[in-house]
Amino acid sequence: QARLVESGGGLVQPGGSLRLSCAASGTVFRINNMAWYRQGSGKQRELVAAITSGGSTTYAASVKGRFAVSRDNAKNTVNLQMNSLKPEDTAVYYCKAERVAQTYADYVNDRYLVELWGQGTLVTVSS
């Protein structure tokens, strides 16, 4: 059973940095797009950053220039480096994987899981 596990959340002061990590475990051969979303208290879940298997990235306007997303295709991991954090960055951060081939046979036969979500990790930015 494929799943995603996030780590790295916590409490940080405004202006500080945190690095979130997400690892796919279980039966996973290849992942197309990977992304980070966040959901603040009383708010809708929003896209923070995304990265394709080829390394192309997309960022929300609110984090551009402060956050950086990266991935290791061989290890099926994705990271989010968050710098110059602000109180409004406080949220539960979720990792998402899109078009997941669980085995080589699935990959060559175009059989994919549509998406996987992690359980979320809380980031709190406060003095």
Side-chain angles (χ1 to χ4, degrees):
Q1 186 74 15
R3 65 190 189 111
L4 300 176
V5 179
E6 301 105 334
S7 60
L11 174 64
V12 63
Q13 292 187 340
S17 298
L18 275 178
R19 183 178 177 85
L20 304 183
S21 296
C22 172
S25 64
T27 308
V28 176
F29 174 74
R30 187 162 296 183
I31 300 172
N32 193 349
N33 298 329
M34 301 191 80
W36 288 95
Y37 285 73
R38 67 185 180 188
Q39 187 167 18
S41 180
K43 299 181 180 179
Q44 288 190 327
R45 191 172 297 190
E46 63 175 356
L47 175 67
V48 176
I51 183 167
T52 68
S53 56
S56 296
T57 57
T58 302
Y59 294 95
S62 60
V63 306
K64 195 171 292 186
R66 299 188 297 123
F67 291 12
V69 61
S70 61
R71 66 184 287 178
D72 185 327
N73 290 333
K75 296 181 180 179
N76 288 319
T77 58
V78 62
N79 300 307
L80 185 67
Q81 178 65 43
M82 305 185 295
N83 300 324
S84 302
L85 283 160
K86 305 175 181 180
E88 51 263 43
D89 294 317
T90 295
V92 177
Y93 284 72
Y94 298 90
C95 174
K96 180 185 180 185
E98 299 175 350
R99 284 181 59 81
V100 179
Q102 293 190 269
T103 66
Y104 176 73
D106 288 338
Y107 175 69
V108 297
N109 287 288
D110 204 30
R111 290 193 299 261
Y112 293 90
L113 297 176
V114 174
E115 61 184 29
L116 287 174
W117 287 91
Q119 82 287 351
T121 185
L122 177 62
V123 172
T124 303
V125 185
S126 175
S127 55

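For reference, positions follow the sequence shown, starting with 1. Just the heavy atoms: all of them, side chains too, but no hydrogens, waters or symmetry mates, feed the values below.
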Testing the basics here: between [X] and [Y], what is the closest heavy-atom pair and its distance to 0.1 Å?
{"X": "Q39", "Y": "K43", "result": "NE2-O, 3.1 Å"}
{"X": "R66", "Y": "S84", "result": "NH1-O, 2.9 Å"}
{"X": "L4", "Y": "C95", "result": "CD1-O, 3.7 Å"}
{"X": "M34", "Y": "N76", "result": "CE-O, 4.4 Å"}

With a 3.5 Å distance limit and no angle check, can you tell me whether T90 reaches the backbone of V125 through a side-chain donor-acceptor pair?
yes
Same apolar cluster: V92 and L20, side chain cutoff 4.5 Å:
no
Hydrophobic cluster membership, V63 vs L85, 4.5 Å side-chain cutoff
yes
D72: which residues meet the salt bridge (Lys or Arg N to Asp or Glu O under 4.0 Å) condition with it, sequence neighbours left out?
none
Partners passing salt bridge (Lys or Arg N to Asp or Glu O under 4.0 Å) against R99 (at least two apart in sequence or in another chain)
D110
Return each pair, listed once, that meets ring pair (Phe, Tyr, Trp, His ring centres under 6.0 Å) where at least one residue sits in [range]; pairs must be two or more places apart or across chains.
{"range": "residues 8-27", "result": "none"}
{"range": "residues 35-84", "result": "Y37-W117"}
{"range": "residues 2-33", "result": "F29-Y104, F29-Y107"}

CZ of R45: more than 12 outside heavy atoms within 6.0 angstrom?
yes
In this structure, are over 12 heavy atoms from other groups packed under 6.0 Å from E88 atom CD?
yes
Which pairs of donor and acceptor atoms, one on a side chain in residues 47-58, lie under 3.5 Å apart (sequence neighbours left out)?
| unit_1 | atom_1 | unit_2 | atom_2 | d |
| --- | --- | --- | --- | --- |
| T52 | OG1 | G54 | N | 3.3 |
| T52 | OG1 | G55 | N | 3.3 |
| T52 | OG1 | S56 | N | 3.1 |

Checking T124, L122, V123, L18 against L11 for side chain to side chain contact (heavy atoms under 4.5 Å, CB included), the one that qualifies is T124
Would you mind listing every disulfide bond (SG atoms under 2.5 Å apart) that reaches into [range], with sequence neighbours excluded?
{"range": "residues 38-78", "value": "none"}
{"range": "residues 97-127", "value": "none"}
{"range": "residues 38-90", "value": "none"}

Excluding V5, membership of its hydrophobic cluster (Ile, Leu, Val, Met, Phe, Trp, Tyr; side-chain heavy atoms within less than 4.5 Å) reads none
The side chain to side chain contact (heavy atoms under 4.5 Å, CB included) partners of L113 (sequence neighbours excluded) come to A2, V100, Q102, L116
Are the side chains of I31 and R71 in contact, using a 4.5 Å heavy-atom criterion?
yes
Supply the atom-to-atom distance N73 CG to R30 CZ, rounded to the nearest 0.5 angstrom.
8.0 Å
Could you check R38 against D89 for side-chain contact (heavy atoms from CB on, under 4.5 Å), going step by step and ending with a plain yes or no?
CA-CA 9 Å; R38 67 185 180 188; D89 294 317; 2.9 Å; yes
Do N83 and Q81 meet the criterion of a side-chain donor-acceptor pair at a distance under 3.5 Å?
yes
Can you pull the side-chain hydrogen bond (donor to acceptor under 3.5 Å, both in side chains) pairs that have at least one residue in residues 4-14, sequence neighbours excluded?
E6-Q119
